[in-house]
Q: 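Please see the structure below; I have some questions.
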Amino acid sequence: MTTLYSTQCRLHPSLPSSFSSSSSSSFIQCVTFSSSPKRFVAAEASLKSQPASHLTPLQTHQNHGATAATVAPVENDTLIEGLESKLSSVTSLEESLGEVDFEKDENESTVSITVVGASGDLAKKKIFPALFALYYEGCLPKNFTIYGYARSKMTNAELRNMVSKTLTCRIDRSENCSEKMDEFLKRCFYHSGQYDSPENFAALDKKLKEHEGGRISNRLYYLSIPPNIFIDAVKCASLSASSGNGWTRVIVEKPFGRDSDSSAALTRSLKQYLTEDQIFRIDHYLGKELVENLSVLRFSNLIFEPLWSRQYIRNVQLIFSEDFGTEGRGGYFDNYGIIRDIMQNHLLQILALFAMETPVSLDAEDIRNEKVKVLRSMRPIQLEDVVVGQYKGHTRGGVTYPAYTDDKTVPKDSLTPTFAAAALFIDNARWDGVPFLMKAGKALHNKGAEIRVQFRHVPGNLYNRNIGTDLDRATNELVIRVQPDEAIYLKINNKVPGLGMRLDHSKLNLHYAARYSTEIPDAYERLLLDAIEGERRLFIRSDELDAAWSLFTPVLNELEEKKIIPEYYPYGSRGPVGAHYLAAKYKVRWGDLGLDTEQ
Ligand SMILES: NC(=O)C1=CN([C@@H]2O[C@H](COP(=O)(O)OP(=O)(O)OC[C@H]3O[C@@H](n4cnc5c(N)ncnc54)[C@H](OP(=O)(O)O)[C@@H]3O)[C@@H](O)[C@H]2O)C=CC1
Ligand SMILES: O=C1O[C@H](COP(=O)(O)O)[C@@H](O)[C@H](O)[C@H]1O
């Protein structure tokens, strides 16, 4: 096989002795890509004060390997059964799995990834599987170690057993899957400790140093713990387990506070121990393939950008729905509600990317500057422009679905919204008067996330007095289906073939499963890789966060102070009817009603 190589370099700031120290010294990381499966060969060289503009940004985790063959659905089942049987052998891993004998070259660097809260739901469900996927794809650096850290008592073997149960291989490239899993698990270790114990973190530091073997050591901490212990963990990691000669970064999970004040307090506390550059606030929706594609769609296609304004767009809809309730997370959820859980972060981030002006470049700061401008141009949200709902129990087909307040961790009289719809406006020249409608809910009839862009009427439409289709309703609509079954489609009016003249509303459809044979990476894969590479584009900067909270805090306070009673909707329904009145107030019809959907 011919192997093609290309090398790209990026400047990394190095923070030698503690989290908060600043240093003018930097080093360049060069990564060589090849078309062979082992395509990631990292070499790092020390360099002082090289201007970042001299460097090409890295784009590592795209597909550089050979294109995989499409696997027919019937074969997938067989493949999955095969993987399951391989997995069962991995689950019996013992401590004897042994540890990796890294080659020790002091000029090389290492990356140690510590998952703080490794015993928890997110770590098991998302973080370890994403790390394995990166390893499987050859995207992790050569010398890496993964540590799980939590209070639970576990041996390395027990952690490996736990982790192995959630690992899967790419369906389209399952070669050597169980060997890859074994290799990966050999790089996983566990350290039990308290989140507020400098001594326990010092013991972790000692173990990390043994793996790092005197080389340049880069450390990534993923805080997969409840927010009330973020600061304890950051403090201890900072004081006792930061890198001595490389970078130290911390990924912080949401929620970042519950309003402007608590968020600002969290940022202030984090900044006692970390610089802004070290904080990677994750919003996993930014790592989703179609959300990342938004900018590509807008800025690399001539046909969209000229239409992207109040002149042609009538309204924009951002819709999130889940067909299950808060099962198992009611304790967390009741303190936050759907507006904080989904709207203030995931949907607002999408809105900002959707509405921003063309950034100066693809650099993180240029993109984030544009997003902040959008957020700061937004009109304060009026209580009359918000509808809240809460799901109630429902029996269908002999199955009883619980009410939100049936959850034992939720107070019986809770008013916390599990559904919300809101109308938002951006008071700038591009978007003046265009309603951005958001809708998010749990325990609805389906699961999905999408962006719908409804265009204006065709002026003086020749076909208006026609002809099979009500053209007042059949305006163009661009739908970006983020999940599931990713797609981008444009609804257009088209002549029905035949001798007569009849129009129908059809779709130009870019359906990812049909167009691309590769599996779409999970959002956490992209974001973890970016954090390892120091790419901040998809992480939230503190001023973005402030602007997002400034927008939502007043209306959240008003909802709580006025004890607004949510509109109750049955589990599994389409949500409160109030959402339709809200849309109608702005002469909008929700695009996800299903009446004109998807042939
Ligand atoms: N789960 C999910 O789908 C999502 C989670 N998140 C966020 O990610 C973070 C982790 O989520 P998740 O894994 O669900 O959280 P968990 O509730 O599962 O907590 C993670 C771990 O933290 C420790 N822990 C839990 N509660 C406490 C406590 N009160 N005091 C000290 N330690 C505690 C436990 O480990 P031990 O007892 O072993 O120390 C637990 O295994 C949270 O900030 C959450 O909001 C964000 C998006 C989605
Ligand atoms: O952040 C969160 O996201 C999940 C939905 O994420 P998805 O990637 O599965 O769409 C949501 O269930 C959870 O309540 C929220 O905290």
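Note that ligands are numbered from 1 as they come in the structure, with each ligand's atoms numbered from 1 the same way.
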Q: For the pair R160 and E158, find out whether any cationic side-chain nitrogen is under 4.0 Å from an anionic carboxylate oxygen.
A: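 Salt bridge: no.
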
Q: Are R574 and D592 within salt-bridge range, i.e. N to O under 4.0 Å?
A: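 A salt bridge is absent here (no side-chain N lies under 4.0 Å from a carboxylate O).
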
Q: Take the angle between the ring planes of H346 and Y285 and call it parallel below 30°, perpendicular above 60°, tilted in between.
A: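 Answer is parallel, since the angle falls under 30°.
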
Q: For the residue pair F189 and Y147, categorise the inter-ring angle as parallel (less than 30°), tilted (30 to 60°) or perpendicular (more than 60°).
A: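 F189 and Y147: parallel rings.
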
Q: For the ring pair H284 and Y524, is the centre-to-centre distance below 6.0 Å?
A: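 Ring-ring flag for H284/Y524: true, centres closer than 6.0 Å.
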
Q: Check ligand 1 against P255 and write out every atom of the ligand that is under 4.0 Å from a heavy-atom position of the residue.
A: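 Those of ligand 1 that fall under 4.0 Å from P255 are 45 (O).
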
Q: Name the option, out of K254, H284, E253, K442, that contains the heavy atom nearest to atom 7 (P) of ligand 2.
A: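 It is H284 whose heavy atom sits nearest to atom 7 (P) of ligand 2.
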
Q: Would you mind checking if D485 and R481 are paired as a salt bridge, meaning a charged N to carboxylate O distance below 4.0 Å?
A: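 Salt bridge between R481 and D485, a charged N being under 4.0 Å from a carboxylate O: yes.
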
Q: Going by an N to O cut-off under 4.0 Å, is there a salt bridge joining R541 and E276?
A: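 No, no charged N to carboxylate O under 4.0 Å.
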
Q: Judged on heavy-atom distance to atom 19 (O) of ligand 1, which of S152, P226, G148 sits nearest?
A: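 Shortest heavy-atom distance from atom 19 (O) of ligand 1: P226.
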
Q: Answer yes or no: does an N/O atom from L122 fall short of 3.5 Å to an N/O atom of ligand 1?
A: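 Between L122 and ligand 1, an N or O pair is found under 3.5 Å apart.
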
Q: Among all protein non-hydrogen atoms, which one is nearest to atom 9 (O) of ligand 2, and what is the separation to 0.1 Å?
A: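 Protein heavy atom with the smallest distance to atom 9 (O) of ligand 2: K447 NZ, 3.8 Å.
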
Q: Using a strict cut-off of less than 4.0 Å between a Lys/Arg side-chain nitrogen and an Asp/Glu carboxylate oxygen, indicate whether E253 and R281 qualify as a salt bridge.
A: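 Not counted as a salt bridge, because no side-chain N and carboxylate O are separated by less than 4.0 Å.
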
Q: Purely on distance, is any nitrogen or oxygen of G120 under 3.5 Å from one on ligand 1?
A: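 G120 vs ligand 1: N/O contact under 3.5 Å present.
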
Q: Between K126 and ligand 1, which part of the residue brings a heavy atom under 4.0 Å of the ligand: side chain, backbone, both or neither?
A: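 Answer for K126: neither.
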
Q: Which residue holds the protein heavy atom closest to atom 13 (C) of ligand 2, what is that atom called, and what is the gap in Å?
A: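 Answer for atom 13 (C) of ligand 2: R329 NH1, 3.3 Å.
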
Q: Indicate yes or no: at least one non-hydrogen side-chain atom of R151 is less than 4.5 angstrom from one of Y195.
A: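 Contact flag for R151/Y195 side chains = yes.
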
Q: Which residue owns the protein heavy atom closest to atom 9 (C) of ligand 1, what's the atom, and how far is it?
A: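 It is I225 O, 3.6 Å.
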
Q: Can you sort out which atoms of ligand 2 are near K288, meaning under 4.0 Å from one of its heavy atoms?
A: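 Reading through ligand 2 atom by atom, the close ones are 7 (P), 8 (O), 10 (O).
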
Q: Is any side-chain N of the basic residue among D522 and K126 closer than 4.0 Å to the acidic one's carboxylate O?
A: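 Yes, D522 and K126 are salt-bridged.
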
Q: Taking only heavy atoms of H346 into account, list the atoms of ligand 2 that are under 4.0 Å away from them.
A: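 Those qualifying, in numeric order: 1 (O), 2 (C), 3 (O).
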
Q: For atom 7 (C) of ligand 1, what's the nearest protein heavy-atom neighbour? Residue, atom name and distance, please.
A: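 Going by distance alone, atom 7 (C) of ligand 1 is nearest to K254 O, 3.4 Å.
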
Q: Atom 47 (C) of ligand 1: which protein heavy atom is closest, and how many Å away?
A: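 Ranked first by proximity to atom 47 (C) of ligand 1 is E253 OE1, 3.9 Å.
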
Q: Do any nitrogen or oxygen atoms of Y195 come within less than 3.5 Å of a nitrogen or oxygen of ligand 1?
A: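 N/O-N/O distance under 3.5 Å: yes.
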
Q: Kindly determine whether D407 and R329 satisfy salt bridge (Lys or Arg N to Asp or Glu O under 4.0 Å), including the steps that lead there.
A: CA-CA 9 Å; D407 185 328; R329 293 186 76 216; over 6 Å; no

Q: Take K288 and E486 through the salt bridge (Lys or Arg N to Asp or Glu O under 4.0 Å) test and state the conclusion after the steps.
A: CA-CA 10 Å; K288 292 197 185 261; E486 293 79 353; over 6 Å; no

Q: Give the residue, atom name and distance (to 0.1 Å) of the protein heavy atom nearest atom 3 (O) of ligand 1.
A: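 For atom 3 (O) of ligand 1, the nearest protein heavy atom comes out as K125 NZ, 2.9 Å.
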
Q: Considering non-hydrogen atoms of the protein only, which is the closest contact for atom 5 (C) of ligand 1, and what is the distance?
A: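 For this ligand atom, the closest protein heavy atom is R329 NH2, 3.6 Å.
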
Q: Out of all atoms in ligand 1, which are within 4.0 Å of some heavy atom of A150? Include the element for each.
A: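 It comes down to these atoms of ligand 1: 38 (O), 39 (O).
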
Q: Below a 4.0 angstrom heavy-atom separation, can you tell me which part of L223, side chain or backbone, both or neither, approaches ligand 1?
A: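 Neither; nothing of L223 gets under 4.0 Å from ligand 1.
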
Q: Using ring centroids (six-membered ring only for Trp), state whether F144 and Y135 fall under 6.0 Å.
A: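 Ring centroids of Y135 and F144 are less than 6.0 Å from each other.
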
Q: For ligand 2, which atoms have a heavy atom of Q483 less than 4.0 angstrom away?
A: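 Reading through ligand 2 atom by atom, the close ones are 7 (P), 10 (O).
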
Q: Under the 6.0 Å and 45° cation-pi test, does K392 pair with Y568?
A: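 No, K392 and Y568 do not form such a contact.
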
Q: Closest non-hydrogen protein atom to atom 1 (N) of ligand 1, residue and atom name please, with distance?
A: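 Closest protein heavy atom to atom 1 (N) of ligand 1: D121 OD2, 2.8 Å.
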
Q: Can you tell me if Y285 contacts ligand 2 (heavy atom of the residue under 4.0 Å from the ligand)?
A: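 For ligand 2, residue contact (heavy atoms, under 4.0 Å) with Y285 is present.
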
Q: Tell me the protein heavy atom at minimum distance from atom 37 (O) of ligand 1, and give that distance in Å.
A: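 The protein heavy atom lying closest is R151 NH2, 2.9 Å.
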
Q: Please state which protein non-hydrogen atom is closest to atom 14 (O) of ligand 2 and give its distance, to 0.1 Å?
A: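 For atom 14 (O) of ligand 2, the nearest protein heavy atom comes out as D341 OD2, 2.6 Å.
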
Q: Can you confirm whether L556 sits close enough to R340 that some side-chain heavy atom of one is under 4.5 Å from a side-chain heavy atom of the other?
A: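 L556 reaches R340 side chain to side chain.
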
Q: Of all the non-hydrogen atoms in the protein, which one sits nearest to atom 12 (O) of ligand 2, and at what distance?
A: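 Scanning the protein heavy atoms, the shortest distance from atom 12 (O) of ligand 2 goes to E322 OE2, 2.5 Å.
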
Q: Please state which protein non-hydrogen atom is closest to atom 36 (P) of ligand 1 and give its distance, to 0.1 Å?
A: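 Looking at atom 36 (P) of ligand 1, the protein heavy atom closest to it is S119 OG, 3.4 Å.
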
